[in-house]
Number of protein chains: 6
Amino acid sequence: MIEQHLIVERTVRMALAEDLGPGDVTTQAVLDDSPRGTASLMAREPLVLAGMAVFEATFIRVCPDIRIHTEFTDGALISPGQVVSTLQGPLDAILKGERTALNFIQRMSGIATLTRRYVEKVKGTRAKILDTRKTAPGLRWLDKYAVRTGGGHNHRFGLFDGVLIKDNHIASAGSIAQALENAKRRIAHTLKIEIEVEDMAGVKEACGAGADVILLDNMDPALLKEAVTWINGTALVEASGGITLDTVKAVADSGVDMISIGELTHSAKASDFTLRIEPLL
Amino acid sequence: MIEQHLIVERTVRMALAEDLGPGDVTTQAVLDDSPRGTASLMAREPLVLAGMAVFEATFIRVCPDIRIHTEFTDGALISPGQVVSTLQGPLDAILKGERTALNFIQRMSGIATLTRRYVEKVKGTRAKILDTRKTAPGLRWLDKYAVRTGGGHNHRFGLFDGVLIKDNHIASAGSIAQALENAKRRIAHTLKIEIEVEDMAGVKEACGAGADVILLDNMDPALLKEAVTWINGTALVEASGGITLDTVKAVADSGVDMISIGELTHSAKASDFTLRIEPLL
Amino acid sequence: MIEQHLIVERTVRMALAEDLGPGDVTTQAVLDDSPRGTASLMAREPLVLAGMAVFEATFIRVCPDIRIHTEFTDGALISPGQVVSTLQGPLDAILKGERTALNFIQRMSGIATLTRRYVEKVKGTRAKILDTRKTAPGLRWLDKYAVRTGGGHNHRFGLFDGVLIKDNHIASAGSIAQALENAKRRIAHTLKIEIEVEDMAGVKEACGAGADVILLDNMDPALLKEAVTWINGTALVEASGGITLDTVKAVADSGVDMISIGELTHSAKASDFTLRIEPLL
Amino acid sequence: MIEQHLIVERTVRMALAEDLGPGDVTTQAVLDDSPRGTASLMAREPLVLAGMAVFEATFIRVCPDIRIHTEFTDGALISPGQVVSTLQGPLDAILKGERTALNFIQRMSGIATLTRRYVEKVKGTRAKILDTRKTAPGLRWLDKYAVRTGGGHNHRFGLFDGVLIKDNHIASAGSIAQALENAKRRIAHTLKIEIEVEDMAGVKEACGAGADVILLDNMDPALLKEAVTWINGTALVEASGGITLDTVKAVADSGVDMISIGELTHSAKASDFTLRIEPLL
Amino acid sequence: MIEQHLIVERTVRMALAEDLGPGDVTTQAVLDDSPRGTASLMAREPLVLAGMAVFEATFIRVCPDIRIHTEFTDGALISPGQVVSTLQGPLDAILKGERTALNFIQRMSGIATLTRRYVEKVKGTRAKILDTRKTAPGLRWLDKYAVRTGGGHNHRFGLFDGVLIKDNHIASAGSIAQALENAKRRIAHTLKIEIEVEDMAGVKEACGAGADVILLDNMDPALLKEAVTWINGTALVEASGGITLDTVKAVADSGVDMISIGELTHSAKASDFTLRIEPLL
Amino acid sequence: MIEQHLIVERTVRMALAEDLGPGDVTTQAVLDDSPRGTASLMAREPLVLAGMAVFEATFIRVCPDIRIHTEFTDGALISPGQVVSTLQGPLDAILKGERTALNFIQRMSGIATLTRRYVEKVKGTRAKILDTRKTAPGLRWLDKYAVRTGGGHNHRFGLFDGVLIKDNHIASAGSIAQALENAKRRIAHTLKIEIEVEDMAGVKEACGAGADVILLDNMDPALLKEAVTWINGTALVEASGGITLDTVKAVADSGVDMISIGELTHSAKASDFTLRIEPLL
C-alpha cells in the first residue's frame, strides 16, 4: 500500500512529539558523547506480526542514520523468543524511539493476533470476520490495517464511505421501507445500502425494499439461520452484537456472510515484545 | 483541571475529522429535514466512569446546540442499566457524534475500571498503583487522566518530565554509580533521579550513589522485600515487570512504595455503554 | 448539513490567511477610527445561489460583530439586481472580508448555475447529472456541494469512497473478469463496484462478471443505446467523456442512468456578484 | 523561483490528503502485487503549459521512486497530441497521483492559456495584462504563477502587499484627497498608493493629491483616453471592469499602462490533458 | 485593527501549548477545589504599554470565565506602581496563564518603550524611526505592532511586501542601473523600489536610474547630508547601520526621511511588570 | 541532542513562512537566471556561538543544494572578524534564507554570551546560573538551549516538568506546610518539590515540611547567607529576583546552589554577525 507512508508519517510525527516533548532528559544527561548501539526486537509470546512499517518509520524519524533489518513481513506468525528485527545506529536515538515504536506494534500485533483467532474459529464457513468503527481515536487506519493483517476484513472506514441505516434513522424516516427509499434516491451510486434490523419482520421489510446488505443485530443462531434462509442470497447478511470467541462459530454456522466484532479494536490485549538494546562499547 | 479543555479540544477535533471525513452519508440521505432527538447514555456493565468532558465536547463540537445533562462525575461507580447522561438536540448531530463520543468514554472508563481493581487489591498496603508510557499513541493525556480517575497515580508523562535510568544507560555510562553521577551533574534540579536495577548488587550500588528512586524490575516478592529492607527509606521504591491482578497483592506486601502496570493502558477492556437515541417525532 | 460547519471553518480560515496575511494595509491606513457600515450583496446576472454559509462564515471569522441577514437559501434562482444578503458591522471588517467571501460564492454559484443548465437539458429522461473528481484542489467539498445545490448528484468524493476500475486496472489484472473478481474478493461490502468499458465486448464481459455499475466512456448515443439495451437493468449505467450542453440530451435519451460532466467543476464560469458597501457616516 | 517548493509542498500535501483520504480502494483491491508502469502526459488541445513542478511534486509525494522526464518548461506552447512528460514507477502510485496531478496542471495551464490570449490581443500597445485577487481560495500562489507563465503580470498578492483605495475607503475618509493624505502618512514607504476613481473629477483630484497609480474603473475607451491624456505620465494608469477578449484591444489603445482581468483566474476553462498509463506487464 | 485577533489567536495558542504542555503540575497538586482569585497587573518601571490584547487573549484562552478590566490602551505612558489591568476568575486559570501573558507584554512594551526613546530623540526633524526584519522568529507581527505603538513606523513586513535591492543583488545584476531596470520591468506596480548604496557614486547612479527610495548604509552624518542634498527630494532617503540612541539625532539632522534601527526588535530590554495575584479566600 | 532536529525543523519552517510569505519579490525581479554564490558568516564582536544547527537548517530548508561548512561548534568563543561558517549554493536561495538564519543565531548567541558572563562572575562559588520561563513565546527550546551553550543550566521547561509552589499557591492552600503536604501526596514521584519563600519564617516552615528545593526570592546577601546556614544542606537553595551582573557575585558568595536570571532570555542583546555574500560571476 503505497500511500500508507503518508498516514504513517503523520501518525509517527504526532506520537513522537507526545513522548519526546522538549527532549529525553535521561539520555541527554547520562550518555557521554553519542555511542552507537544495536537492538533486537523479540517476541515474548506467540503473535501475528503487524505494524513493522510504523515501527521502522518511528526510528527513522528520530534519526535517519538508524539501519533496520526486519526478518518478517506483517502477517507472519511469530514464536516466543524469535527475533523480528534488528537495528543499528546512535544509541541515544534508539533509546528515544523505543517506547513509541513498541507502543505501535504492541497494539497493532495485538489486534492482528486476536483477529486471527476469530478467523481460525470460523474456518470452513462462508463468514468473514469484520471490524467496526470502535477504534482508538486517531488510530483508525492503523487499527483497521491490523485487522486485515490478521486475516479479517474491513467494514466502512468512517461515516463517509458506507451507508448503514440504524434504528434511529428508521424511526426518523417512518419505516424501513421509507428509509431505504430515501437512501436509494440520495446516496451516491458508488455505495451499497446496508440496514440494521432486529427481527424477522424487519428482515422481510428490508428485503422487500431492496436493501443491498442486512445487518442482523443481537439475534441468536437459530434466528440468524431463519433470516439467512429467508433472505436466500438476495442481500448480503452481516451479524453483530456481543459475539465472542466462544460463540462466533455458532454464529458463522448460521450461514451469514459477515460477522463484525468490536472487540478486535477496542479490547485486544497488547502483544508482548521486548527490545534488547546493547551499546557497542 | 482547567487546561484540560485545550487538550480535549484538539483531540476531539482530530477524532471527528477521522470519523466524519467529508460527511455522514447515511444521515444526510435518510433524514428529512433535521428533526430533534434525545439520547440517554447507559452503562451495560459495572464500571468506573471516566471521560465525560470528552464525551460532551465531542457532541458540542458537532453542534453547539446540543444540550447535555450529565448525572455523574468522573470516578463514579456506575451500575449496569444506570443512565449516566442525557442529550437533547438535532438528531443528525447526535447520530454524527455518537460513535466518536462512545469510543472515548469506552476506552477511558475501561482504563479507570481496571485501575480501580488494582487499587482495591493493594488496599491496606503502602503501595500506589502507577501507569507507564505504554499508552495508545496520541491519547496519552486521556489515558493517564483515566488512570487517575480510577484511583491510580501517574508515572512521568513522557521522556521529558522524569528521569529513569535503564540498563542500557548504565551500560553506556559504565556503571550505576557513573550513570547516577552524570545525571546529578546535568539534570534540572526540579527532577528526581530514578534508576532501574535487577538484583541486590544493583540496589546497593544505587543506594550508595544517592538515587532518589529505585525501580526493582522483575523481582519476586521475597527479593523485593529484601531490597525494601536494605533501602530502608533512603529512596522511594517502585516495582514493575509482569505484575497481574493475581500477583499484585504479594508485590505490595513486600513494602514497595509504588507498583507500575503497563496493562492499565495497553490492554484494558473497553467498558460497555449504549446510547439510546430517540427522535422527537 | 450539520457537519458542514467543520469543513467551512477550516476552509475559511485558510482563505482569509491567504488574503489578509499580516494585515490589510489600505484599510488600516485610510480609515480613521472604525466607522460602521452596511453592505448589500447583489447578483449581476441570473444565477443559482450557492455558498451563503461560507460567505457568512467568512465575515463572522473576520469580526463576530457583523450582523448578516440573508434573504435566500442556497439553490434559489436569483435575478440580476436582486439583493441576496445585507450586512451591518464595522466597516473595516466588511472591507477585509469582501474579496474572500465573494470568491467563495462566485465560484460556488457558478458551479450550481452550470449544473442547473445541464439538469434542465435532461429533464424528462431518467439520467442524473453527476460531477467528477476534477475539482479545484482543496475545494472539493465546496465544489461538490455546489453541484448538489444546482440539482446534480455527486459521484464518489475521492479514491476512498467508491470503486472505479479503469483500463489500467484491467490491463494490470489481466482482464475485465479478473479485475472484477479481485475487487469482489477484497473490497469492503459497503461499496459497489463500477468498471469502465469502451466497447460492447467490454459491456458484455462486465455484465457477465457481475459489475454493479458500468461506465461507458466516450461512446456515441447509438452505441450507448445498444449498451443500455444489452445491460437491461442488470447494472447501473453511467456515460462520460466530452459531453457538452449541446450533446447531453442525446446522451440522456440513450437511457443511461447517469451522466458525469467534468466541466461542472473544472470550467464553470464564476457568477457575477457585487457587494455594495456604504459607510454609516 | 527557489522558494516555490515550500508552497508547492504544502499545497500538494493538502490536495493528496483530500483525494486519497484513508486510501485508494480500487487500486488496492484490483492490483496484484505492485507492477511497474509508465505514463505519458499528452495535451489534447493547444495550450500554454503551466504547473509542471506541481505535477511532478504530486507524484513524488505519493512515491519517491517515480522517475519523471518532462520535455517542456512552463510557458511552452503545446500542440494537441504532443507528449509533455513521461513517468515510470510503481503502477499503483501513478494511479493514485493521477487525478490530483492533472487537476493542478489543467487549472494552471487553463489560466496561462487564457492569459496568453489577452496578452496577444494587446501586443503593440503599452498595456500589460494583470490578474486580480479573484482566485480560487487556497490556490492564489499557483493561480498567479500561471498568469505570469502566460505572459501576464501580477497585481498585489493580497491585502498586505499593495494599497488600493476604493470608493468605500474614500467615502469613509471624506474625500479622495483626504484618503490619499491618510495613506501617505501611514503606509510603509515600500508601497505605492493606488486609488480607484470613476470619472474625470476623480482623476483630477487623485492626480492633484499625488496618487502613484490611478485605477480607472468601468470607463469606456474614450473616457479612458481622456484620462490618460490628462494624467500625462504623472501616475501609472490601470483600467478594469468587465473587459473581455473582444474589448481589451480598444481599452489598450487608450494608452493605459495596465489592464486587470478577473476572468483570468475565476473563469478560465481547464486545459485538456490526458495521462496514458500502461502497465509494464 | 480588526484582523489582529486572527494573528493573536494563533500566537497565543502556540505559546500556551509551549508552557502548559500536558498540564500545570503545581497548581493541580496544591490547590484544593478551584477557588477564585483576583490579579492586578502593575508596572515596575516607566514604560510605554503594548500588547494588552495579547495579554487578555492569553487568559481568555486558558479560561473564558476570567473577567478582565484594562485601564489603559496600548501606547499609554505608564508610571512605576500604576495598575494597568485587573482580572477576576478561577485562581488556577490565572496562575496557568500568568507567565505566558507576561512574556508577551514584557517583550512588546520593551520594544515600544525603546522605540519611543528613539522617536523622542529625533523630534523636530523630518526623520521617522523604522523597524527592520530583525525580529524574534514567529513574533514579527507582534514586534512590529509594538514598534508602531511606540511611535515608530514599519519597514516592509517580509521579503514579499517591499523591494530592497542590496549589494549582492547589484553585483549579480551587474550594476545599480541594471538592477533597477530589472526591478522596474518585473516588480508589481504596487511596490516602490528601494536600493541600498554605500557612497556618493552609488547615490548618483541610483538617482539617475530612477530609484524610489535610496538606503544609505553606514554613512556618517556629513556624507548623509551630502547625499540628501544631492538627491534633493527626487527619492525618499533612509539611513541605516549601527545607529544608536547617542548618534540618532545627528543622523536625523542630516535631513534623511527615515532611520531604521535593528535594535528596536532584536535587543530591546523587557519591560518590568508584576502580576499581584490574590485568592478570594 | 538527536531529537533537536525535530524541534528545529518545525521552528525553521514557521520562521521561513513568516519572512518569505508568497515570495522574495526583490530577488525574483533582479536576478537573471540563478547564479551561484558563496557566503561567509563573520562575527563582528566577541561572542559565544550558539544556534549553528538552526542556521544551517534554515538554508537547507530553502534549498537542499546549499553546501555549508561550519568551522566552530556551539559554545565556542568567537573573536570579531572570525569566519564562523561558509556557504556555497544558488545565490537566490542564500539571499532568501539570510535574514531568518541570522535572526536565529543573533538571538541565540546573544543569550549564550550573556549567560557566559554571569557564569564567569560566579566562578569559584558553588552557584549554578539558571534560566527562567521568561523566554520569547515559541522559542523556549532554542532560548534554553542557548543558556546551556553559554554554561548555564536550565530550570524547568514549562509548567509540566517541575513543581514550583509560589505565594499564591501557599495562600490558597492555607500555609506552607499544607501546600507541601498537598504536593507530596499528589505530585508524580519523578518530580522534586520546590517552594518559594520570602523570609526566615518561610525558610523554617519549608524545611520542616520537607521541601526538596527552597527558592529565596528577593533576599539580600546577608539574609541569603542566614537562610543557607539554617537550611544546611537539607534542601537545595535557589536565589532569584532582580539579580544583575553587578550583584550576582555577592549572591553567589552567600552559598546558594543556584541563581536564576530572567534577563538571560528576556533582555539579552543580540550578537552582531554579518553574512558576506558574493556572487560567483
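Reminder, nothing fancy here: chain letters follow the sequence lines and each chain counts from 1.
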Is it true that, when you exclude [X] itself, more than 12 heavy atoms of the residues, nucleotides or ligands shown sit nearer than 6.0 Å to its [atom1]?
| X | atom1 | value |
| --- | --- | --- |
| Q178(A) | CD | yes |
| E9(A) | CD | yes |
| R186(A) | CZ | yes |
| R13(A) | CZ | yes |

Q: Heavy-atom pairs under 4.5 Å with chain A are the metric here; pick the option from M14(B), E278(B), K134(B) that has the most.
A: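 Option with the top pair count is K134(B).
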Q.
Shorter than 4.5 Å, heavy atoms on both sides: which option in R133(B), Q106(B), E181(B) has the most such pairs with chain A?
A.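 Option with the greatest count: R133(B).
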Give me the atom names and distance for the closest heavy-atom approach of [X] to [Y].
| X | Y | answer |
| --- | --- | --- |
| A29(A) | N182(B) | O-CB, 3.4 Å |
| E18(A) | R140(B) | OE2-N, 3.1 Å |
| P279(B) | A171(A) | CG-CB, 3.7 Å |
| A270(A) | S267(B) | N-OG, 2.8 Å |

Q: Quick one: pull up CD in E98(A) and CG in N168(B) and give me the separation to the nearest 0.5 Å.
A: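 E98(A) CD to N168(B) CG: 7.0 Å, rounded to 0.5 Å.
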Q.
Once rounded to the nearest 0.5 Å, what's the spacing between atom CG of D19(B) and atom CZ of F157(A)?
A.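 That separation rounds to 9.0 Å.
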For chain B, which candidate among [options] shows the most heavy-atom pairs at distances under 4.5 Å?
| options | answer |
| --- | --- |
| G158(A), G138(A), A15(A), A183(A) | G138(A) |
| I277(A), L164(A), V163(A), L91(A) | I277(A) |
| K184(A), H266(A), H169(A) | H169(A) |
| T135(A), T100(A), T132(A) | T135(A) |

Do [X] and [Y] have side chains that get closer than 4.5 Å, going by heavy atoms?
| X | Y | answer |
| --- | --- | --- |
| L139(B) | P137(A) | yes |
| L159(A) | T26(B) | no |
| R156(B) | V25(A) | no |

Heavy-atom proximity to chain B below 4.5 Å, by part of [X]:
| X | answer |
| --- | --- |
| T27(A) | both |
| E263(A) | neither |
| R276(A) | neither |
| A188(A) | neither |

Which portion of [X] sits near chain A, non-hydrogen atoms under 4.5 angstrom:
| X | result |
| --- | --- |
| R107(B) | side chain |
| A17(B) | neither |
| E194(B) | neither |
| L191(B) | side chain |

